[in-house]
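Here's the structure, in structure tokens; my notes come after.
Each chain gets a letter, A, B and so on, in the order the sequences are listed, and its residues count up from 1.
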There are 2 protein chains.
Amino acid sequence: MEKRSETTIHDIARELNISASTVSRALNNNPIISEPTRKLIEKTAKAMGYRPNILAANFRTKRTNTIGVMLPLINRHFFSSVISGIEEVAYDQGFTVTISQSNDNFEKETKIAQTLFSNRVDGLIVSIGMQTTNYDHLKLFAEKKVPLVFFDRVVDKIKAHKIIVDDYRGGFKAASHLIEQGGKRIAHIGGPLNLKIYQDRLSGYKDALEKAGIPVNESMLVHNSLTREDGTNAIKRLLQNPEKPDAIFCANDTTALSVILYLRKKGIKVPDDIMVVGFSNEPFSEVVTPSISTIKQPGFEMGKKAAELLIKQIKQKDKPVRYKTLVMPTELVIRESSVKNRNK
Amino acid sequence: MEKRSETTIHDIARELNISASTVSRALNNNPIISEPTRKLIEKTAKAMGYRPNILAANFRTKRTNTIGVMLPLINRHFFSSVISGIEEVAYDQGFTVTISQSNDNFEKETKIAQTLFSNRVDGLIVSIGMQTTNYDHLKLFAEKKVPLVFFDRVVDKIKAHKIIVDDYRGGFKAASHLIEQGGKRIAHIGGPLNLKIYQDRLSGYKDALEKAGIPVNESMLVHNSLTREDGTNAIKRLLQNPEKPDAIFCANDTTALSVILYLRKKGIKVPDDIMVVGFSNEPFSEVVTPSISTIKQPGFEMGKKAAELLIKQIKQKDKPVRYKTLVMPTELVIRESSVKNRNK
DNA sequence: TTGTAAGCGTTATCAA
DNA sequence: TTGATAACGCTTACAA
């Protein structure tokens with residue numbers, strides 16, 4: 001004669017000789033219920049160890065109170081900061097967060113999107129993978145009116161809220177800074193150009209050069225997937241140029257680090273022989289020697305903003321939305337890797 | 001006359017003049033259904049754009065195919081690696097992963113646990129917070145037979161699978177290494193002792209000292225929450241000792257980094273004046289100058305193991321479980337911060 | 001302010 | 001091998 005499964009609202013109703021709907025309403029703080037009734041029901045519910053069956057409620061209401069997050073890689077400081085931001089807002093608003101990483105793999109990304117859709121997440125926050133050039137799996141959300149918010153690696157062609165950083169100005173600031181520091185032959189290690197962020201960083205870089213009257217030299221441009229190995233290969237290739245670079249703007253800190261480590265190994269001095277600027281402000285950038293000048297992106301705030309916009313959209317379902325693109329400011333953090341003659 | 005809401009198995013059944021149960025069975029690959037029928041149903045389902053209503057299925061089966069993960073902080077390399085490992089296994093096995101961070105806050109941890117429980121996760125993977133000394137919120141899972149797996153910061157008192165690293169041997173190895181390198185006055189910056197991992201790291205350290213005939217000096221021990229600031233405060237305090245340490249074993253890399261940065265600022269040489277060893281092998285440890293000797297923990301593998309054990313338990317529900325504690329090996333990574341006279 | 005009753009889409013039981 | 005039917009626990013018109 002143990003407890004025969006979980007108590008339901010019907011058990012409570014029977015206990016109090018009232019109807020289940022009243023119990024339901026009271027427990028959902030429906031203002032239509034009188035204060036004494038509510039109090040009584042709450043008390044009894046607690047006493048009977050009632051726990052709402054969220055599965056039933058979700059099923060009934062077609063809502064899950066769950067936000068899906070899909071991004072390339074959890075295990076990167078920028079992305080995990082974004083998750084932290086999302087999680088904080090979501091938690092405060094009573095939402096649960098489901099996270100999946102695509103590993104920059106298009107097939108996995110497609111499957112994840114479908115799974116999240118089938119799982120009826122109330123909304124989705126996405127940063128797309130490096131290989132992604134087809135967006136059908138995301139259009140699905142847009143079409144079926146499931147709120148969708150992009151961050152960082154966004155898709156231009158889909159209408160949705162977008163949280164990005166000002167990659168163009170970031171690239172511009174980075175390159176301008178290198179020019180100010182005396183850079184004449186400024187190389188760029190960039191990411192795949194199907195991603196707008198890398199296009200923009202590149203454009204910013206190019207415009208800064210042009211503004212300074214420095215011609216953009218194609219042999220000074222390398223594009224790859226920005227892994228540690230890619231960075232090493234890129235710097236090797238750049239060093240084979242007849243005219244070696246005297247400064248490098250890397251589209252992320254990982255490659256900036258590779259470059260610095262490789263140059264150190266080769267006895268080439270950073271910043272004296274070659275200056276380096278990265279992008280993202282990974283934690284290691286501050287503490288490596290020389291510390292890496294970089295463009296800071298407010299990951300945590302971006303996550304918060306993304307979650308806020310998404311939840312707002314979820315709550316105002318079927319009201320028309322004016323999609324906005326939030327451009328978060330970047331900040332150039334000047335450290336040792338780009339400043340010659342510090343002690344002069 | 002657009003599509004009037006989603007197609008259900010009933011729609012398919014009507015279309016084919018068969019029963020909904022047959023459709024359900026076919027779509028679930030129930031072997032009782034004849035091959036031609038199944039094929040036909042699958043074809044029609046696809047043609048009609050059928051998408052199973054997972055909410056309904058979850059409700060009906062009382063399963064969610066969801067794994068809950070609760071840990072202190074997403075935004076730490078070790079933890080995000082664990083998540084990556086969990087996510088990989090879970091994804092392969094058709095499970096969804098829900099992640100929440102407690103921020104080492106006990107109240108938040110309690111609330112998260114209850115939310116996950118109410119959301120009927122099929123199982124929970126946990127690493128508890130620094131403040132956690134009461135475990136009722138976790139016992140709930142154990143009592144209600146919801147599979148539970150601990151990792152890293154485990155709870156002794158609850159019977160469950162546990163994935164830990166050999167913290168004792170890690171501490172022992174770290175301290176022994178410092179002794180071998182000539183350390184005589186070896187300090188320890190440790191974490192809160194209600195967590196077993198920090199107890200064990202401390203014990204390992206103590207035993208290594210004793211084995212070498214070095215008395216353990218209480219003034220050489222600091223315990224705190226191991227943040228960046230805590231590390232700085234700890235080293236300040238240690239430097240005020242009449243007998244200054246010549247080596248420090250830090251219970252994580254974050255404090256090891258603080259120590260190194262502080263000493264650098266004060267013109268105290270690492271490792272020549274004071275040697276430092278950390279714990280965790282955060283990415284920055286390899287690249288900071290001097291690079292930090294540390295104890296490597298296989299976060300990704302721990303995550304995978306945790307997920308595997310959990311899912312096995314979920315699938316073999318109500319079979320009795322022999323709980324095991326998996327002790328993953330640690331590895332001492334020797335770098336610059338603990339080796340004097342490298343060039344001799 | 002409360003009650004009645006229908007129904008969400010699926011799976012499971014039993015019968016055919 | 002397939003079908004009929006009930007049931008899961010909740011929310012929500014609608015009625016009282």
Side-chain angles (χ1 to χ4, degrees), chain A residues 3-42 44-45 48-66 94 117-120 122 144 317-318, chain B residues 3-42 44-45 48-66 94 117-120 122 144 317-318:
Chain A
K3 50 179 165 303
R4 270 235 132 306
S5 80
E6 301 276 303
T7 38
T8 72
I9 49 173
H10 291 101
D11 299 328
I12 300 175
R14 207 175 308 119
E15 180 76 19
L16 294 175
N17 267 314
I18 54 177
S19 81
S21 39
T22 305
V23 177
S24 168
R25 287 189 271 249
L27 261 20
N28 286 309
N29 290 314
N30 188 324
I32 217 170
I33 297 293
S34 75
E35 205 45 33
T37 325
R38 177 202 320 290
K39 283 267 194 291
L40 178 62
I41 290 174
E42 275 168 1
T44 336
M48 296 177 72
Y50 171 73
R51 286 178 167 280
N53 184 333
I54 295 190
L55 265 42
N58 286 349
F59 169 47
R60 181 60 231 253
T61 57
K62 297 181 192 309
R63 279 183 292 102
T64 54
N65 279 303
T66 298
F117 185 84
S118 298
N119 274 301
R120 304 285 207 273
D122 290 345
K144 301 277 184 169
K317 202 71 182 279
D318 54 46
Chain B
K3 48 180 169 301
R4 269 238 135 303
S5 80
E6 301 277 304
T7 37
T8 73
I9 49 173
H10 291 102
D11 299 327
I12 300 175
R14 205 175 308 118
E15 180 77 17
L16 295 174
N17 265 314
I18 55 179
S19 81
S21 25
T22 305
V23 177
S24 169
R25 285 190 274 250
L27 261 20
N28 285 308
N29 291 314
N30 188 324
I32 217 173
I33 298 292
S34 74
E35 205 46 31
T37 325
R38 176 200 321 288
K39 284 266 194 291
L40 178 63
I41 290 173
E42 276 169 0
T44 333
M48 296 178 71
Y50 171 72
R51 288 180 167 276
N53 184 333
I54 296 190
L55 265 43
N58 286 349
F59 168 48
R60 183 60 233 252
T61 58
K62 298 184 193 307
R63 280 184 292 101
T64 53
N65 279 303
T66 298
F117 185 85
S118 297
N119 273 301
R120 303 285 207 273
D122 289 346
K144 300 277 185 171
K317 201 72 181 279
D318 55 45

Report task. If a pair satisfies salt bridge (Lys or Arg N to Asp or Glu O under 4.0 Å) and one of its residues is in residues 14-23 of chain B, list it, with sequence neighbours excluded. Result -> B/Asp11-B/Arg14

Requested in this report: Send over the distance from B/Ile18 CD1 to D/dA4 P, rounded to a whole Å.
Outcome: 11 Å

Query raised in the report: Reckon B/Asn58 touches a base, only the sugar-phosphate, or nothing at all at heavy-atom distances under 4.0 Å?
Result: nothing

Report task. Locate the shortest heavy-atom distance separating B/Asn119 from A/Leu55; write the atom from each residue and the value. Result -> O-CD1, 3.8 Å

Report summary line: Sorted by chain and residue number, the salt bridge (Lys or Arg N to Asp or Glu O under 4.0 Å) partners of A/Arg63 (sequence neighbours excluded) come out as none

Query - A/Ser34 side chain, from C-beta outward: closest of D/dC10, C/dC8, C/dT2 - result: C/dT2

Query raised in the report: Among pairs that include at least one residue of residues 17-39 of chain A, which meet salt bridge (Lys or Arg N to Asp or Glu O under 4.0 Å), considering only residues two or more places apart or in two chains?
Result: A/Glu35-A/Arg38, A/Glu35-A/Lys39

Report task. Rounded off to whole Å, could you give me the NZ-to-C1' distance for the A/Lys62 and C/dT10 pair? Result -> 12 Å

Requested in this report: Starting from C1' on D/dT2, measure out to CG on B/Leu40 and report it in whole angstrom.
Outcome: 14 Å

Pairwise N/O distances under 3.5 Å, protein to nucleotides 12-16 of chain D:
{"residue": "D/dA13", "atom": "N6", "partner": "A/Arg25", "partner atom": "NH1", "Å": "3.3"}

Query raised in the report: If you check every side-chain atom of A/Asn53, which of D/dG3, D/dC10, D/dT1 has the closest atom?
Result: D/dC10

Query raised in the report: Starting at CZ of B/Arg38 and ending at C1' of D/dT1, how long is that distance when rounded to a whole Å?
Result: 12 Å

Report task. For A/Arg14 and D/dC10, give me the distance from atom CZ to atom P, rounded to whole Å. Result -> 12 Å

Query raised in the report: Is the backbone of A/Ile32 close enough, under 3.5 Å, to the side chain of A/Asn30 for a donor and an acceptor to pair up by distance?
Result: yes

Requested in this report: Identify the two heavy atoms, one from A/Ile33 and one from A/Ala26, that lie closest to each other, and give their separation to 0.1 Å.
Outcome: CG1-N, 3.8 Å

**Report entry** Rounded distance (Å) that lies between atom P of C/dT10 and atom CG of A/Asn119
**Finding:** 14 Å

Query - Side chain of B/Thr37 (C-beta onward), nearest among D/dG9, D/dT2, D/dT11 - result: D/dT2

Report task. Would you please enumerate the stems DNA chain D participates in, each stem being three or more consecutive Watson-Crick or G-U wobble pairs with both distances under 3.5 Å? Result -> C:1-16 with D:1-16

Report summary line: Out of D/dG9, D/dA4, C/dT10, minimum distance to the side chain of A/Phe59 belongs to D/dG9

**Report entry** Candidates D/dT2, C/dG9, D/dG9 - which lies nearest the side chain of B/Ile32
**Finding:** D/dT2

**Report entry** Residues that B/Asp122 engages under salt bridge (Lys or Arg N to Asp or Glu O under 4.0 Å), provided they are two or more places apart
**Finding:** none

Query - Nearest-Å distance for atom pair CD1/P, residues A/Ile33 and C/dT2 - result: 5 Å

Query raised in the report: Looking only at heavy atoms, which two atoms of B/Thr7 and B/Gly49 are closest? And how far apart?
Result: OG1-O, 3.5 Å

Report task. Please answer whether the main-chain N or O of B/Ala57 pairs with a side-chain N or O of B/Thr61 as donor and acceptor at a distance below 3.5 Å. Result -> yes

Report task. Whole angstrom is fine here: how far is it from CD1 in A/Ile9 over to P in C/dT2? Result -> 15 Å

Query - Smallest separation among heavy atoms of B/Leu16 and B/Thr44, with atom names - result: CD1-OG1, 3.5 Å

Report summary line: The answer to which of B/Tyr50 and A/Asn17 contacts DNA chain C further toward the 5' end, by nearest nucleotide, is A/Asn17

